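Scope of the values below: all heavy atoms of this structure, side chains included, with no hydrogens, waters or symmetry mates. Quick caveat: nothing in here was measured; it's all calculated off a predicted structure. Sequence positions, counted from 1, serve as the residue numbers for this chain.
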Amino acid sequence: MRICFILPGETFSSYFLMNWTDLVLKCAQRGHQVMVSQKPTRRECFEAAQTEEFDAYMCIDSNAVFQADDVFKMFESPHDVTGAMMMSADCHNLTCGRTMESLQHNTEMYVQTKIHPSWMMLHACPEGWNYEDPLEGHLDTR
């Protein structure tokens with residue numbers, strides 16, 4: 001799979017960098033081709049990435065708390081836009097509008113909802129999207 005990681009921001013924590021390094025190594029071990037688009041804004045990242053074709057775009061904000069396996073689960077999704085419940089580094093923000101309480105009563109693996117681009121996998125960049133608004137997609141509840 002050819003993956004473009006969209007990494008907006010200018011400052012990345014040591015936690016982010018350690019997990020990012022692990023993710024890139026595991027991508028290489030699994031045979032994925034990785035490209036990184038890192039600019040101050042998400043819009044600039046996507047505009048820079050439009051020069052090539054990719055199977056997926058993975059948006060990870062600099063304050064996302066993640067592990068490599070979290071990313072690989074999202075790659076398994078059959079949906080065009082997939083997100084997951086992800087906590088921000090300040091432990092105050094979730095990346096989608098659902099609460100953990102509402103998900104506890106759900107038996108579906110994927111729940112349709114608005115997905116925030118701070119932690120989202122896309123198979124294609126939707127035309128007319130401004131890169132900051134949430135997109136209609138599916139939340140991986142695993």
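Phe5 is not listed as a side-chain neighbour of Val24, based on a closest heavy-atom distance of 4.5 Å or more. For the pair Lys114 and Glu136, the minimum side-chain heavy-atom distance is below 4.5 Å.
In this pair, Phe72 and Phe75 present their aromatic rings perpendicular. The plane angle is above 60°, beyond the 30 to 60° band.
The shortest non-hydrogen separation linking Phe16 to Ala64 is CD1-O, 4.2 Å. Here the shortest heavy-atom pairing between Ile3 and Met58 reads CG2-CB, 4.4 Å. Smallest separation of non-hydrogen atoms from Ala49 and Tyr57: CB-CE2, 4.2 Å. Contact detail for Ser37 and Ala48: the closest heavy-atom pair is OG-CB, 3.7 Å. Nearest heavy-atom pair, Pro8 versus Ile60, reported as atom, atom and distance to 0.1 Å: CD-O, 3.8 Å.
A donor atom on one side chain and an acceptor atom on the other are not found under 3.5 Å apart for His79 and Ser77.
No path of Ile, Leu, Val, Met, Phe, Trp and Tyr side chains, each step under 4.5 Å between heavy atoms, connects Phe12 with Leu25, placing them in separate hydrophobic clusters.
In this structure, the separation between CD on Glu52 and CZ on Arg2 is 5.0 Å, given to the nearest 0.5 Å. The line from CG of Leu122 to CD1 of Ile6 is 8.5 Å long, rounded to the nearest 0.5 Å. Interatomic distance, Lys26 NZ to Asp69 CG, rounded to the nearest 0.5 Å: 5.0 Å. Rounding to the nearest 0.5 Å places NE2 of His138 at 14.0 Å from CE of Met120. For the atom pair CG of Asp70 and CG of Asn19, the computed distance is 9.0 Å after rounding to the nearest 0.5 Å. How far OH of Tyr131 is from CZ of Arg42: 11.5 Å, rounded to the nearest 0.5 Å.
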Original post:
Could you go step by step and tell me if Tyr110 and Asp140 meet the side-chain contact (heavy atoms from CB on, under 4.5 Å) rule?
Top reply: CA-CA 5 Å; Tyr110 295 101; Asp140 186 337; 3.9 Å; yes
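Proximity of the aromatic rings of Trp119 and Phe66 is defined here by a centroid distance below 6.0 angstrom, and this criterion is met.
When atom types are taken as modelled, the side chain of His32 and the backbone of Val34 share no donor-acceptor pair closer than 3.5 angstrom. Although no hydrogens or angles enter the test, the distance criterion places a donor-acceptor pair under 3.5 Å between the side chain of Gln38 and the main chain of Gly9.
Other residues, nucleotides and ligands contribute only 12 or fewer heavy atoms inside 6.0 Å of the CD atom of Glu53.
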